[in-house]
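Predicted, not measured: the structure shown is a model, and the values here were computed from it. Letters go in sequence order (proteins before strands), and every chain restarts at 1. Just the heavy atoms: all of them, side chains too, but no hydrogens, waters or symmetry mates, feed the values below.
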Amino acid sequence: VAELSARLTLLKSQSRDPQVRGPADQAALALARAQDAKQDSAARTRSLDIARAALALAEARLVLLAERNLKQRAEARQKSAAQRAQVEARSSARQNTDAGAATGDATQ
Amino acid sequence: MKRTLLTGFVMGVLGVSLFSACSLLHEHAVVRFSEERLARAHELSAEQRAPAAYRRFESARKRAETAPADSAAQSDYVSEARLWLEVAVTQAETIALSEQRLVLEREVARLDATFLAERAAERVRDEQRELAAAADIARQEAQRALARAALAPAQRIKLGASELERAARSLLQRAELIALALPPDLASPGRSELTQLVQQARAALPKTPDQALSLADRALFRGLALLGALRRGQTEASPESKASLAEALTLLGGTTARSERGLSVSFGPAEANNARLLERLCSVISAYPVGPVQLLFPGRAAPSEAWRKATQPGCDEARVQVRAEQASKTLSVAFVAY
């Protein structure tokens, strides 16, 4: 229970996103139920299993959100790099044309 | 007594049968999960991408199916199974996104590498251009310095005999090539003079390379003057002639420029009266016979005596307009047609 509580506290401090907060709240509820069911060990185990699963879901969603963010950044970087490459290619073609013209002039 | 025992036995058998039936019913209790989430898990290959979470889902589902129907335990197992299914779907989605991002990152890395390679190539091209420009400037300066040195041998840095000989040989070769290029039927006093100068230079080479260099230089410019005869039929200057004249003027050591007056060359005031320069200039004017040539002497009332001395056939007064320019400090020559 202590370990699950610590993970839960850490998770809540890391995100306020409802997609994370939903399962985190569910884990907190299950933990509270586990603490209440001290007499019924089977019920306590089941509540702890639910808390573990809910916590795992909250953590997985946190990672998913981070991954979405990373992918968006990668897309933006890729777009920017592609545009830069296009500009560079145009500039390079222009320079080659100029160099060709200069060589032609020099030959003349 | 027997009836009581029989009734008890029948009740017992019925009870066991009911219990077994109930157990059987519990073992095969079907727990429904969202079809949409299961399809999503299948679509994302959650079983392969998130095997641990998916195993936990399966385990919780089995427990839910074996738990007494509508019991608190079954409800808990169903909740746990649903949660693990969501975990598996979320983890599989994250991995799928990571795989897509990896492709993007590789593309970005490839584009970055291409960009850096192009930048490096551009830097190399710039350096090569700068080197070529520097070499060109150095070559022009060297030519000018050599031309100035030829005009003022007393001020020239003393060269070794072998260097003088090499320079004289180089000029002689060019003069001889020009002599060979002249048409055989060209009868001109300049031709015999050219032959004589070449012979004298050849003879002087082994003993007095300095004198040989001077003779070879005169031979070269005399030969250039004779080339004018070949161009005499031209009515206008071709682009090749223009380029050739610009090179010849650079050889004289002046500063060439193209303006509305045509192609012009200017020399410092100290050189305006240099007989050797004027003689060379006269040779170049003779070599390029198209159109008029304007000669502006600095601060003089009349054309210099030196110019009159240097005049050869081709530098006649009709073609060359010689004027004095009070305001100017440089000797300026403009080839109007070039």
Side-chain angles (χ1 to χ4, degrees), chain A residues 19-20 22-23 26-27 29-30 33 37 40 42-89 91-92 95-96 98-99 102 105-108, chain B residues 50 52-53 56-57 59-60 63 67 72-119 121-122 125-126 128-129 132 136 238-240 242-243:
Chain A
Q19 287 186 55
V20 178
Q26 201 176 347
L29 207 66
R33 267 180 54 202
D40 185 350
R44 180 180 160 81
T45 307
R46 289 198 306 271
S47 294
L48 283 175
D49 284 345
I50 290 173
R52 238 176 248 123
L55 203 57
L57 179 58
E59 286 167 347
R61 281 188 177 164
L62 191 66
V63 175
L64 176 66
L65 289 174
E67 184 57 46
R68 276 185 189 148
N69 196 0
L70 285 174
K71 197 194 160 206
Q72 277 174 359
R73 287 188 195 178
E75 277 170 346
R77 272 206 309 278
Q78 192 258 351
K79 199 176 164 186
S80 152
Q83 281 174 346
R84 195 179 54 191
Q86 220 172 7
V87 170
E88 194 69 16
S91 156
S92 181
Q95 277 180 3
N96 285 343
D98 290 350
D105 289 351
T107 311
Q108 272 199 341
Chain B
R56 285 179 178 233
F57 155 67
S59 159
R63 275 180 276 140
Q74 190 190 42
S75 170
D76 283 349
Y77 291 140
V78 168
S79 295
E80 189 192 340
R82 279 184 186 136
L83 284 166
W84 282 120
L85 179 62
E86 275 309 305
V87 173
V89 167
T90 308
Q91 285 181 349
E93 202 175 332
T94 306
I95 290 166
L97 281 176
S98 288
E99 286 165 0
Q100 290 167 11
R101 183 164 62 87
L102 184 67
V103 174
L104 284 172
E105 298 281 10
R106 280 187 182 144
E107 175 68 5
V108 171
R110 189 188 66 76
L111 288 168
D112 281 351
T114 312
F115 175 74
L116 287 175
E118 276 176 11
R119 272 287 156 93
E122 198 181 312
R125 278 200 299 271
D126 284 350
Q128 281 174 347
R129 265 201 297 272
D136 203 34
S238 64
E240 290 79 13
K242 289 178 183 178

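Between the CZ atom of A:Arg77 and the CD atom of B:Glu105 there is a distance of 4.5 Å, given to the nearest 0.5 Å. Distance check: B:Gln74 CD to A:Arg46 CZ gives 11.0 Å after rounding to the nearest 0.5 Å.
Between chain A and the options B:Ala50, B:Ser98, B:Ser79, the largest number of non-hydrogen pairs under 4.5 Å is found for B:Ser98. Per-residue heavy-atom pair counts under 4.5 Å with chain A were compared for B:Leu111, B:Leu102, B:Thr114, B:Val89, and the maximum is reached by B:Leu111. Most heavy-atom pairs under 4.5 Å with chain B: of the set A:Ala56, A:Ala66, A:Ala85, this distinction falls to A:Ala56.
With a 4.5 Å cut-off on side-chain heavy atoms, A:Arg33 and B:Asp76 count as touching. Contact check for A:Arg84 versus B:Asp112: side-chain heavy atoms found under the 4.5 Å cut-off.
A donor-acceptor pair shorter than 3.5 Å cannot be found between the side chains of A:Glu67 and B:Thr94.
Both the backbone and the side chain of A:Arg68 come within contact range of chain B, judged by heavy atoms closer than 4.5 Å. Contact of B:Ala53 with chain A is not made at all, since no heavy-atom distance falls under 4.5 Å. Using a 4.5 Å cut-off between heavy atoms, B:Arg125 touches chain A through its side chain atoms alone. Looking at A:Glu75, the atoms closer than 4.5 Å to chain B (heavy atoms on both sides) sit in the backbone and in the side chain alike.
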